[in-house]
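Computation of the quantities below employed the complete heavy-atom set of this structure, encompassing side-chain atoms and omitting hydrogens, waters and symmetry-equivalent molecules. This one's a predicted model, so the numbers in the text were calculated from it and none came from an experiment.
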Protein chains: 2
Amino acid sequence: MTVLLDTISQNCSECPIRHRAVCARCEPDELDELEQIKFYRTFEAGQTIIWSGDKMAFVGSVVSGIATLTQAMEDGRTQMVGLLLPSDFVGRPGREGAAYNVVANTDLVMCCFRKKPFEDMMVRTPHVAQRLLEMTLDELDAAREWMLVLGRKTAREKIASLLSIIARRDATPGKRGPTDQMVFDLPLTREAMADYLGLTLETVSRQMSALRKDGVIELAGKRHVTVPDMGRLMEEAGDDSDGGMLG
Amino acid sequence: MTVLLDTISQNCSECPIRHRAVCARCEPDELDELEQIKFYRTFEAGQTIIWSGDKMAFVGSVVSGIATLTQAMEDGRTQMVGLLLPSDFVGRPGREGAAYNVVANTDLVMCCFRKKPFEDMMVRTPHVAQRLLEMTLDELDAAREWMLVLGRKTAREKIASLLSIIARRDATPGKRGPTDQMVFDLPLTREAMADYLGLTLETVSRQMSALRKDGVIELAGKRHVTVPDMGRLMEEAGDDSDGGMLG
DNA sequence: CGATCTCCTTGACCCAGATCAAATGGGACC
DNA sequence: GGTCCCATTTGATCTGGGTCAAGGAGATCG
């Protein structure tokens, strides 16, 4: 962890910020400016990073680990509304408070920018605002696609949808088999999966078992998943088109 | 309708674009430029404005009428993912195709801008991009709040949530009674409400009847709703905080 | 004035998924 | 090895909302 942090802070070359988010089209001098207001924060598994309604002092993106966005009702019912994987962006430039809880699901490292100077820079460099607009539109698409999952899909389809999204996000070359096979570790507990899918953890467990029995997935231990045929999984998810939930 | 259109095209003074969306912070010369690429389109009730996947040639906002954004599965299950009321914005600057169907629920007038010149202008005028970013963040918040409704609320809570959102959107001064009372006409059929809430139309009808029986709402005809006590309605919706679904 | 169409309501029954409860299976730590 | 402490699985039962089916209540139209 410390090693990773040091590596990154030397030159950000590994920092996902540079690849996917705001820096994608930045000039060298703009990157230098960002470097000035950049800092890293680490969180422990289970720690709440931001409480809904809190004033946020930073924006940034996930370097390593998993975080989730959750909405909660007074009586304790909770719904996960986003999944933050490495390189995903957190923050609401131009907005005061957070709209939902952000929780670290695993130990987590974030690459942050102080919010005020970041916003100032955004005003001066149009392409940063445009990049953020694009990212936000992607998130909006993902959220709306997830609304279909929550509102209309069966438990089995929901599980298959989640697995296929995680599989796709995790699709680093090398993890791909020669066939359509795909292997990954679930980054979520059954309970977290349930909160994502609007189900109970028992139903999640039962449907995982059912998918295993039917040969759609193979399970080694509780978390290690092999999908022998992604096409089959996506069929089970109830859509062939499909898109990615970004968080 | 025609009168409205003429009034607007004279000087846009009634055009919601100017108030809420991209023009909010525009200088006079920028407004002139927008005027150049502006045009109006009308749609009939039931007409599909944009098909999911289509290339969109314009962005714009609703002047009058109601439209909805819907996602559909191959087997016909549909989920409404957004409600477009007058002044709401439609479009994805910087994105090629539409991500979902946009359907006119009533006769509809839209104020449109040709997409390409609009995007060109966006590049030159940072505050337009920023305004769009803000709007998109609002929509994202609304979508995520709706995910909680879809994933975790009961049928009764879902209905109450929808009614309270529509009541709030419809809260023009004058329609407010002296008390906490609120009166409005439902812009949606029972079926459309069901598609929005992830329910069947029968369940929607039953829960509407139940809320009427319990005195939470009063119904005159099928669509005219009186809410004697908004506080009570929001309690039924299961949240006191609450926020608006913008579409 | 009926005829028809669309939207809505209500009833009867059923099932997917929730709830309640108990058992299993690793890790970590002594 | 033993014993917590978890996450997870599995079983038994219950129920909210879906499904199927039969009216009713306005509109519109001849």
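A:T78 is linked by a side chain to side chain donor-acceptor pair (under 3.5 Å) to A:D195, counting only residues two or more places apart in sequence or in another chain. Legend: residues meeting side chain to side chain donor-acceptor pair (under 3.5 Å) with B:N105, ordered by chain and number and at least two apart, are B:T68. For the side chain to side chain contact (heavy atoms under 4.5 Å, CB included) test, no residue two or more places apart in sequence or in another chain qualifies with A:S205. Checked against side chain to side chain donor-acceptor pair (under 3.5 Å), B:E202 has no partners two or more places apart in sequence or in another chain. Partners of B:T154 according to the side chain to side chain donor-acceptor pair (under 3.5 Å) rule, which considers only residues two or more places apart in sequence or in another chain, are B:E157. A:Q207 pairs by the side chain to side chain contact (heavy atoms under 4.5 Å, CB included) definition with A:A155, A:R156, A:I159, A:T203, A:A210, not counting sequence neighbours.
Taking atom CZ on B:R223 and atom P on D:dA25, their separation rounds to 18 Å, with Å as the unit. Look at CG on A:L219: it is 11 Å from C1' on D:dT8, rounded to the nearest Å. We find that CD of B:E157 is positioned 12 Å from P of D:dG16, with the value rounded to whole Å. As rounded to whole Å, 15 Å separates atom P of D:dA7 from atom CE of A:M193. Distance NE2 (A:H224) to P (D:dT8): 16 Å, rounded to an integer number of Å. Regarding B:R190, its CZ atom lies at a distance of 13 Å from the C1' atom of D:dA25, rounded to whole Å.
Using a 4.0 Å heavy-atom criterion, one finds that B:S209 contacts the sugar-phosphate atoms exclusively. Residue-level contact check: A:T189 touches the backbone only, with heavy atoms under 4.0 Å from sugar-phosphate atoms and none from bases.
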> What string of B, S and - do you get for nucleotides 17-24 of chain D 5' to 3' if you count protein non-hydrogen atoms under 4.0 Å?
Replying inline: SSBB----

Would you mind writing out the side-chain donor-acceptor pairs for residues 49-57 of chain B within the sub-3.5 Å range, not counting sequence neighbours?
from: B:S52; atom 1: OG; to: B:A99; atom 2: O; distance (Å): 3.4

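Of the possible donor and acceptor atoms, none in the side chain of B:R169 sits under 3.5 Å from a partner among the backbone N and O of B:S164.
The side-chain heavy atoms of B:M193 and B:T189, taken from C-beta on, include no pair separated by under 4.5 Å.
Where DNA chain C meets chain A (any atom under 4.0 Å from a heavy atom), the bounding nucleotides read 5' to 3' are C:dG17 to C:dC20.
Rounding to the nearest 0.5 Å places CG of A:D214 at 10.5 Å from OG of A:S209.
Between A:E139 and B:R144, at least one side-chain N (NZ, or NE/NH1/NH2) sits under 4.0 Å from a carboxylate O, which counts as a salt bridge.
Axis orientation changes by 30° from one end of the helix from C:dC1-D:dG30 to C:dC30-D:dG1 to the other, with each end axis drawn from 5 pairs and the value rounded to 10°.
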